[in-house]
Number of protein chains: 2
Amino acid sequence: MQVDKSLMTGSTVMLVLSLLSQREMYGYEMIAELARRSEDTFQLREGTLYPILHTLEADKCVTAREKAAGNGRTRRYYRITRRGRKLLEEKQAEWKFFTDKVEQVVFGTSPSPA
Amino acid sequence: MQVDKSLMTGSTVMLVLSLLSQREMYGYEMIAELARRSEDTFQLREGTLYPILHTLEADKCVTAREKAAGNGRTRRYYRITRRGRKLLEEKQAEWKFFTDKVEQVVFGTSPSPA
DNA sequence: TGACATACCTGTATCAGCTAGGTATAATAA
DNA sequence: TTATTATACCTAGCTGATACAGGTATGTCA
């Protein structure tokens with residue numbers, strides 16, 4: 001199923017931080033991993049991801065280090081910081097709150113218990 | 001709780017159609033009703049809603065009729081069409097699909113059963 | 001030699017939603 | 001009386017998140 005890209009707006013940073021909360025990763029890898037885990041629903045563009053990573057780094061939510069890959073290329077690995085984990089927790093809480101409210105309005109449901 | 005407005009992107013039309021799927025409503029009322037049902041989480045702006053309503057009308061997803069209100073003002077009531085209901089169903093399916101995928105990635109959960 | 005995958009980067013375009021302005025009437029407050 | 005607030009509609013232009021489309025560079029495979 002194809003989903004309207006505009007739905008992604010606002011949750012991309014959370015998705016990226018989620019990946020990094022599990023292990024160190026480099027940009028190109030994140031795009032592939034996100035596609036894999038979502039069964040190709042999230043096909044993040046490089047033009048979207050790299051600027052986000054740079055902003056997260058500037059905000060000290062992630063740190064980066066260059067590392068030579070076996071194939072002669074240099075990868076830039078990103079690692080989440082304590083501050084980044086805090087941001088992720090906030091984004092997750094915000095997301096749950098938001099989706100509960102949407103479902104409340106659209107499906108007439110009550111918020112699901114935590 | 002305040003949520004990042006950019007999360008709303010892509011779901012606004014679904015929210016509006018959801019309201020209209022239950023009863024005929026006028027613009028100003030929809031804004032209040034959306035705020036009420038979401039406990040003030042969704043504070044839609046007139047500059048957002050009216051253009052959406054005009055587009056939905058042009059696309060024959062809603063019809064409109066003027067009606068004098070008791071207070072001397074004229075209200076523009078919107079009613080959802082068959083085509084509008086179809087669009088709503090699509091948006092709802094898309095939304096559930098999308099949120100399932102996000103939770104799959106972020107919380108490591110499996111899609112919830114329908 | 002040329003295409004493709006890997007791996008990074010960025011300037012500009014796009015588009016949803018917001019800002020900030022407009023019109024107009026009626027009720028309430030100063 | 002005048003100002004403010006609430007109701008009720010509208011729209012031109014701005015903002016900001018994401019996409020597009022281009023760039024750089026190396027290695028592999030046909």
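Both backbone and side-chain heavy atoms feed into the values below; hydrogens, waters and symmetry mates do not. Throughout, protein chains are lettered first and strands after them, A, B, ... in sequence-line order, and every chain is numbered starting at 1.
Rounded to whole Å, the distance from NZ on B:K67 to C1' on D:dC9 is 17 Å.
Between A:Y50 and C:dC9, a side-chain N or O to OP1/OP2 separation shorter than 4.0 Å is absent. OP1 or OP2 of D:dC9 has not a single side-chain nitrogen or oxygen of B:H54 nearer than 4.0 Å. Regarding contacts with the backbone of C:dC8, every side-chain N or O of A:R76 stays at 4.0 angstrom or more from both OP1 and OP2.
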Check the interface with nucleotides 28-30 of chain D: list each N/O to N/O pair with the protein under 3.5 Å, or write none.
none

Polar atom pairs (N or O), protein with nucleotides 23-25 of chain C, under 3.5 Å:
residue	atom	partner	partner atom	Å
C:dT25	O2	B:R73	NE	3.1
C:dT25	O2	B:R73	NH2	2.5

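Less than 4.0 Å separates DNA chain D from at least one heavy atom of each of the following residues of residues 16-41 of chain B: B:Y26, B:G27, B:Y28.
Residues A:T48 and A:I52 share a closest heavy-atom pair of O-CG1, 3.3 Å.
Legend: salt bridge (Lys or Arg N to Asp or Glu O under 4.0 Å) pairs involving residues 78-87 of chain B, not counting sequence neighbours, sorted by first then second residue: B:E24-B:R79, B:K86-B:E90.
B:V106 pairs with exactly one of A:S21, A:S11, A:S18 by the side-chain contact (heavy atoms from CB on, under 4.5 Å) rule, that one being A:S18.
Among residues two or more places apart in sequence or in another chain, the side chain to side chain contact (heavy atoms under 4.5 Å, CB included) test is passed with A:A69 by A:N71, A:R75.
Figure legend: cation-pi geometry between A:K96 and B:F107, with NZ or CZ positioned under 6.0 Å from the six-membered ring centre and within 45° of its axis.
Applying the 6.0 Å contact sphere to CD of A:E66 captures more than 12 heavy atoms from other residues, nucleotides or ligands.
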(message) Base contacts versus sugar-phosphate-only contacts with protein, heavy atoms under 4.0 Å: please encode nucleotides 15-22 of chain C as B, S and - from 5' to 3'.
(response) -SSBB---
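Side-chain N/O atoms of A:Q2 and B:E94 include no donor and acceptor closer than 3.5 Å.
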